[in-house]
Amino acid sequence: MAERLLIKALYGGKNTKIITLNGKKMKKMPSALGRLPGLRILLLQNNLISKVCPEISILTQLTALNLGNNLLEEVPEEMKYLTTLKKLHLFGNRIGRFAPGACDGLQNLILLNLNKNQLTWLPQEVSRLKRLKYLSINHNRLACLPRELCFLRNLSELQLNHNKLICIPGEIGSLKKLQKLCLACNDIETLPEEICELKKLRILDIAGNLIQIFPLGFQNLKLREFYCEGNPLFLKQPIFAALKEDDVWSLQEITLRFIMNELAEQNPLLMHALEWYPEVKNKIAQEKSCAVCGKPFITPWLECVRFVRPPKNWKISKNLHLVPLQTFTCCHKCFIHRGRNLFAIGQA
C-alpha cells in the first residue's frame, strides 16, 4: 500500500504537494522522496523509522513534517536543510539529543513538538529558532533549561509538563509574548521574580510541584487560568521562627542603604557617580523593599509571607483561597510593627 501511494506521488512529480504514509510499518524513509522537490507536507507518523534519509535535504519547500511515534534517537542533522519548515512533530520517539547543527536552518519554524521522548537537556543552539511560537516538551527528562531558551522572543506557548525541572531561569522574563506556560509535575521549589514581568501570560499551570510561596507582584499577573493543586503552599497561620534583635549592619549595608535612599531623592551627584562604579550599580540592582516601612535594603532581616486573595477574574484551582507572597522586613523594629496579615517564615 505504501509503495502504491509513493509511486502515485512520483507520477505527480513537481506537482505533488502532500504525501501521507502514516501507520505503514515503514522501517526506512523512502529515498525516492528526493525526486519530489516541490513537496510541502510529509506525514510519516506511526511507523518504525529510526533514521532520516539523506534525500530529505532536497525537500527545501517542505512546510510541515510529522515523524511522530517512530524510533528516532536524535533530532537529526538533516533538519538544517529544511529552511521553509514551519511545523515539526517528533513526539513519541526515543530522542535523547539534538544532532550538531540540527537547529541551524530552521529559521522559519513556528511549532516544535518533542513530547514523550528522552531528552535530559536542550542545546544552546535552540536559540536559533527565532520564529518559534509553540514549543512542547512534555513527558521528557529535562532537569534544567538553558537560558538561551529565553531568547526565543516570539514564543507564545511553552509546555514542559512531566519533566524533572528543579528551577526556571530568571531570563524567562524576556519572553514578552508568552501567553501559556505549563510546568506541571516537576520538582520546582520556587518561581523566579522575573515571571511577574510576563504581562501577556494568560495560562499558568504549576500543579504538582514543590512550591510554597510566590514572588511579590505575582498577584498582578493578568491570568485567566491558574492551576497550582498538589503544591505545599503556605497557609494563613503563624510560622514560628527563631527571632532575634537586629544584627549590627555591615559597613557595606549601611553605605548601600544610604546610597539607595539618596537615589530615591534623585541626588544628581550620586546618580552621575554610579556610572563609574559598576560593581555598586550591580549591588543596588539587587535591592528589595521592606514590607512594612517600604525602604530599600540589600540584606533582609527576615523573610516573611503575606497572603492576598487571587484576582476575581482568575480561573483557579479549587484549593487556592489565598495566594502566599514572599516578602521581607528590613529590621526587628519593622517586624514588630507589621500588620496582621504578615507572618515570619524564617531568618533570611
Regarding N154 and K177, do their side chains bring together a donor and an acceptor under 3.5 Å, going by distance alone? yes
To the nearest 0.5 Å, atom CD of Q61 lies from atom CG of L39 at 9.5 Å
| said: Tell me whether the rings of F218 and F214 are parallel (<30°), tilted (30 to 60°) or perpendicular (>60°). | reply: parallel
| Is a side-chain donor-acceptor pair under 3.5 Å present for Y227 with E225? | yes
*Looking just at side-chain N and O atoms, do E303 and Q326 make a donor-acceptor pair shorter than 3.5 Å?*
yes
Value for CH2 (W314) from CG (L223), rounded to nearest 0.5 Å, stands at 4.5 Å
Hits for ring pair (Phe, Tyr, Trp, His ring centres under 6.0 Å) against F98, two or more places apart or cross-chain, chain-then-number order -> none
Note: R35-E55 ion pair, threshold 4.0 Å (strictly below) = no
Query raised in the report: Is there a donor in the side chain of N117 and an acceptor in the side chain of N93, or the other way round, less than 3.5 Å apart?
Result: no
>> When you measure from the side chain of N163 to the backbone of I137, do you find a donor-acceptor pair of N or O atoms at a distance under 3.5 Å?
In response: yes
- prompt: Between N115 and S136, does any side-chain donor sit less than 3.5 Å from a side-chain acceptor?
  reply: yes
Separation between CD1 (I213) and SG (C304), nearest 0.5 Å, reads 9.0 Å
Exercise. Any ion pair linking E193 and K288 (charged N to carboxylate O, less than 4.0 Å)?
Worked result: yes
When rounded to the nearest 0.5 Å, the distance separating CG of L160 from CD1 of I168 is 6.5 Å
